[in-house]
Q: 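Dropping a structure here in structure tokens format, bear with me for questions.
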Amino acid sequence: MNRTSPLDLIGVDALHNEEELAIRAVVRQVVDEKVRPHVADWFERGVVPARVLAADFGKLGLLGMHLTGYGCAGSSAVAYGVACMELEAGDSGVRSLVSVQGSLAMYAIWRFGSEEQKEQWLPRMATGELIGCFGLTEPDHGSDPANMRTRARRDGAEWVLDGGKMWITNAPVADLAVVWARTDDGIRGFIVPMDIPGVTTREVTHKLSLRASSTGEIVFDGVRLPADAVLPEVTGLRGPLSCLTEARFGIVWGALGAARDCLHTAIGYACSREQFGKPIAAFQLTQAKLADLAVELQKGYLLALHLGRCADAGRLTPEMVSVGKLNNVREALAIARQCRTILGANGISGEYPVLRHANNLESVLTYEGTSEIHQLVLGQKLTGFSAFS
Ligand SMILES: Cc1cc2nc3c(=O)[nH]c(=O)nc-3n(C[C@H](O)[C@H](O)[C@H](O)COP(=O)(O)OP(=O)(O)OC[C@H]3O[C@@H](n4cnc5c(N)ncnc54)[C@H](O)[C@@H]3O)c2cc1C
């Protein structure tokens, strides 16, 4: 029986250049070798070998790959997006490791750091020798970071940091954190080594989503930082929000990878599983589901590619990224859930990746701006009214 892979339906490969296709092939291979055989077990046990993966991904130039200089690969936005898609086809947690490292922690330093800070941190983060995290969310302030409580005050030549961050990806394994804190001048970013006195972390346990990812709480208790720990080039919420735009762009692509893997699994399963004397893929209801899911996947892909081309042309705006994040994560989650139905009881088993992807996408729907927050961003753009508060 002839079968066409979902993204071949409209021939998306023809829209890519050779570099993008080559990066896709390399990342797909590394995910097949280093992630796919182990990730169900990692997810079940709630662990991830972050250091090993960071070193592997560092060798391939995937950490901070869209940044230039300081040991970063300097690839195009589309190439970075394609890499995120392949990583998340393995697991959203694995893509999160790379996104937080490159688009949040490294990007913050690359964009807003001093030359000394860039030289000190970025090359070793690009190789994966050092792992970074990004602390914006607090226990009582998620969608509304402007009201954060974490505070940094000057004490002579030093800063003193007090407060806490919650739900921080990579925190329990990180060597450094980029931490956003309130100061007398407004919100500022600080580079905080995780092994200095006053910094403690605790792993967030009992997660039912993104289990192959390390998530933590960080507490800062009178942490003394040198004057040059602050990122000098930004004050205000613009700093963390522009980092989030970078990371959301990777999610626009990444979510498609999880969805593609679900659809691929569901098609394979439907073609081999027989009920009522024939493959369930031969029933019209199954085909209707698969056709609709494949159409959504193509639409999401074209949107991601358009945003990527805009990014490479310097025309990408935060609102455009909100369109992509809102649509692609929402549709990826719908695809994952529908694919799960096609697998019947096997759909709830960790032997298949589908429910793992669906559970992961619940986190992806929430972090980097919830769906509702992106609706508010777009609602404001469309009407001119802010409905945030
Ligand atoms: C696995 C995981 C990893 C994460 N990693 C990081 C990380 O590395 N760094 C980091 O800083 N954060 C991280 N986060 C935190 C994430 O960004 C926040 O969870 C997210 O911003 C939402 O905040 P909240 O959970 O406090 O929800 P809340 O802000 O309390 O929102 C709860 C609900 O209310 C809705 N809501 C809030 N305000 C409005 C409004 N004005 N109008 C309508 N609805 C509204 C929200 O959309 C949501 O549905 C992570 C979260 C998860 C789950």
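This is a predicted model, so every value here is computed, not measured. In each ligand, atom 1 is the first atom listed, and ligand 1 is the first ligand listed.
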Q: Enumerate the residue pairs fulfilling ring-ring contact (aromatic ring centres under 6.0 Å, His included) with a member in residues 4-33, sequence neighbours excluded, ordered by first and then second residue.
A: H16-Y301
Q: Under the salt bridge (charged side-chain N to carboxylate O under 4.0 Å, His left out) test, which residues partner R315, sequence neighbours left out?
A: none
Q: For a 4.5 angstrom cut-off between non-hydrogen side-chain atoms, does V82 reach W253?
A: yes
Q: Scan for ring-ring contact (aromatic ring centres under 6.0 Å, His included) pairs involving residues 84-106, sequence neighbours excluded, and state none if there are none.
A: none
Q: Centroid separation under 6.0 Å, is that true for the rings of Y367 and W167?
A: no
Q: Spell out, as yes or no, whether a donor-acceptor pair under 3.5 Å connects the side chain of Q298 to the backbone of A294.
A: yes
Q: Tell me, which residues have any heavy atom less than 4.0 Å from some atom of ligand 1?
A: F134, L136, T137, G142, S143, W167, I168, T169, L210, S363, T366, Y367, E368, T370, E372, L376, F388
